[in-house]
There are 2 protein chains.
Amino acid sequence: MTAATPDTPEAAPAPGSPAWWADRPGPRTAPRRGRPALDTDHIIATALRLVDEHGAPAFSLRTLADALGSGTATLYRHFAGKDEILAHLVDRVLGETDLSDLDALTTWQEVLTAMAHRFYDALRHHPHIVPLFMAQVPVGPNGLAQRERVLHALLAHGVPVGLAARAFAAVGHYVIGFAAQQHGPAAASPDTAPQLAAFYRQLDPATYPAITRAATALTSVPLVEEFRFGLGLLVTGLERHTPHTGKDPAGSRA
Amino acid sequence: MTAATPDTPEAAPAPGSPAWWADRPGPRTAPRRGRPALDTDHIIATALRLVDEHGAPAFSLRTLADALGSGTATLYRHFAGKDEILAHLVDRVLGETDLSDLDALTTWQEVLTAMAHRFYDALRHHPHIVPLFMAQVPVGPNGLAQRERVLHALLAHGVPVGLAARAFAAVGHYVIGFAAQQHGPAAASPDTAPQLAAFYRQLDPATYPAITRAATALTSVPLVEEFRFGLGLLVTGLERHTPHTGKDPAGSRA
DNA sequence: ACCTGAACACCGTTCAAGT
DNA sequence: ACCTGAACACCGTTCAAGT
């Protein structure tokens, strides 16, 4: 906050927002002396387990406190409220994605594709968390670390910096949108595609001719194949914007 | 439910799910005789206004009933519960997008681009609704009508049916992902991009060199421009998959 | 000093009592 | 027959009272 935004009251930044994360202490781990009754990491890990097992609607501070053998008031000694706990859940899920080997890949296309698939896998592992990714760019410590790694790898492969940033954003949006609609919490079964196809085919072909045609044609296309397809579109489109593909062993200016 | 899914209890389909919409009465408008104290459309319109004005967290059946001059119990005579009302909200927002002129466009590229921009505009008008698009494919009556129109237009321009379905899905996922992260309810200001850029630039360049480089390079890129960029990637990528572009007046085999 | 039971003002949902 | 006030079992959050 240097000088801009003069008349905004900005009473308190919303948990999960950039301004809020900016006020957090860094990635240091043990801020409290002695042994607090409850460990912050332990709280978040338990919360994630509860959401994974019983779904977000069943998650409450009371169930969390019960699982920890504590009371709800105790949670407020570690977090400002429920929203803050949820923001930490999002960042923890992002932290489960290992992108440390991204620099070893040989083309920027592989970097983007690997990043998309691993992010997608993390979201698939925690379908009930997906809605929490809505509504803001995840800029917690883990989210920042991942973003840094991907951008670094793209830049290392000669992708112009503006293109790298927009490519990261476009792929990220695609992955979140895909995971949300195909693996969201409302999907009781691990694979809703067959149900959706059945629903489309059951529609009246007279009123929905194109939908029913498409549904029949799409029978038995695995979800991961559809994911790969859309991702391939983005990568292919990006190749048109790069000075050279990055695959070519002979640099353009060597 | 013909024969499959033998051991699933499937007590009641979740509101908004395909199975749930399948049980809804069609788009007929006046199912009740006489004049009910509360009109269904009026309830949804009021609910949408409340969510738009005060945000989803502040929306409750009690505030809705108050705005209608009624009691919460009365709402249960029109809807099974809050989730059902929210599912109708999603479909109503989709209904605000006018796609009736899609057939007049001359290329499938224009069809996809127009569809994406109009869908995006609808979501921008109702940022608090965006999270509700998570977790399921919107298959309410309006959602189906839009899907039918777009698929029809794509097929009319010679796009193979399998490609049309996957193109629709990929673009839809991209739009939802973009709108969710850039215009979600947590974004108090109408344009969070400057805030995000400021946040990135304030980071320590030593620990986040790539992010800070990218943030500086991306200063003053309008959001709509970034949206257009990712959308262009998808359309460009799709052109590689089509037998002929549909723009070229001379067919590839004439 | 640190923790927390119990209360507060809500919430979605139900149902017996009203008309 | 239709509607709904009032209750039910929750929720996130707070704070005075405990140790």
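All values below were derived from every heavy atom in this structure, side-chain atoms included, with hydrogens, water molecules and symmetry-related copies excluded. Just so it is clear: chains get the letters A, B, ... in the order the sequence lines come, proteins before strands, and each one is counted from 1.
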**OP:** Supply the atom-to-atom distance B/R149 CZ to B/L151 CG, rounded to the nearest 0.5 angstrom.
**Re:** 12.5 Å
**OP:** Drop me the distance from A/I43's CD1 to A/I85's CD1, to the nearest 0.5 angstrom.
**Re:** 6.5 Å
Are the side chain of [X] and the backbone N or O of [Y] linked by a donor-acceptor pair below 3.5 Å?
{"X": "A/T63", "Y": "A/F59", "answer": "no"}
{"X": "A/D52", "Y": "A/H126", "answer": "no"}
{"X": "B/E148", "Y": "A/I211", "answer": "yes"}
{"X": "A/D91", "Y": "A/G143", "answer": "yes"}

Interatomic distance, [X] [atom1] vs [N] [atom2] [rounded to whole Å]:
{"X": "B/I43", "N": "D/dC3", "atom1": "CD1", "atom2": "P", "value": "11 Å"}
{"X": "A/R77", "N": "C/dA1", "atom1": "CZ", "atom2": "P", "value": "12 Å"}
{"X": "B/F79", "N": "C/dT14", "atom1": "CZ", "atom2": "C1'", "value": "18 Å"}
{"X": "A/H78", "N": "C/dT4", "atom1": "NE2", "atom2": "P", "value": "9 Å"}

Original post:
Between B/T74 and D/dT4, is there a side-chain N or O to OP1/OP2 distance below 4.0 Å?
Top reply: yes
Any N/O pairs under 3.5 Å between the protein and nucleotides 17-19 of chain D? List them or say none.
none

Original post:
Would you call A/F119 and A/L99 a side-chain contact if the rule is heavy atoms closer than 4.5 Å?
Top reply: no
Subject >> For A/R118, salt bridge (Lys or Arg N to Asp or Glu O under 4.0 Å) partners two or more places apart >> reply: A/D101
**OP:** List for me each residue that meets salt bridge (Lys or Arg N to Asp or Glu O under 4.0 Å) alongside A/R49, sequence neighbours excluded, and say none if there are none.
**Re:** A/E53
**OP:** Using the test side-chain contact (heavy atoms from CB on, under 4.5 Å), find all partners of A/T207 that sit at least two apart in sequence or belong to another chain.
**Re:** A/D204
Original post:
When you look for runs of 3 or more Watson-Crick or G-U pairs in a row, both distances below 3.5 Å, which of them include DNA chain C?
Top reply: C:4-8 with D:12-16, C:12-16 with D:4-8
Subject >> Footprint string (nucleotides 6-13 of chain D, 5' to 3'): B base within contact, S backbone only, - free, heavy atoms under 4.0 Å >> reply: -B---BBB
Subject >> Between B/F79 and B/H88, ring centroids under 6.0 Å >> reply: yes
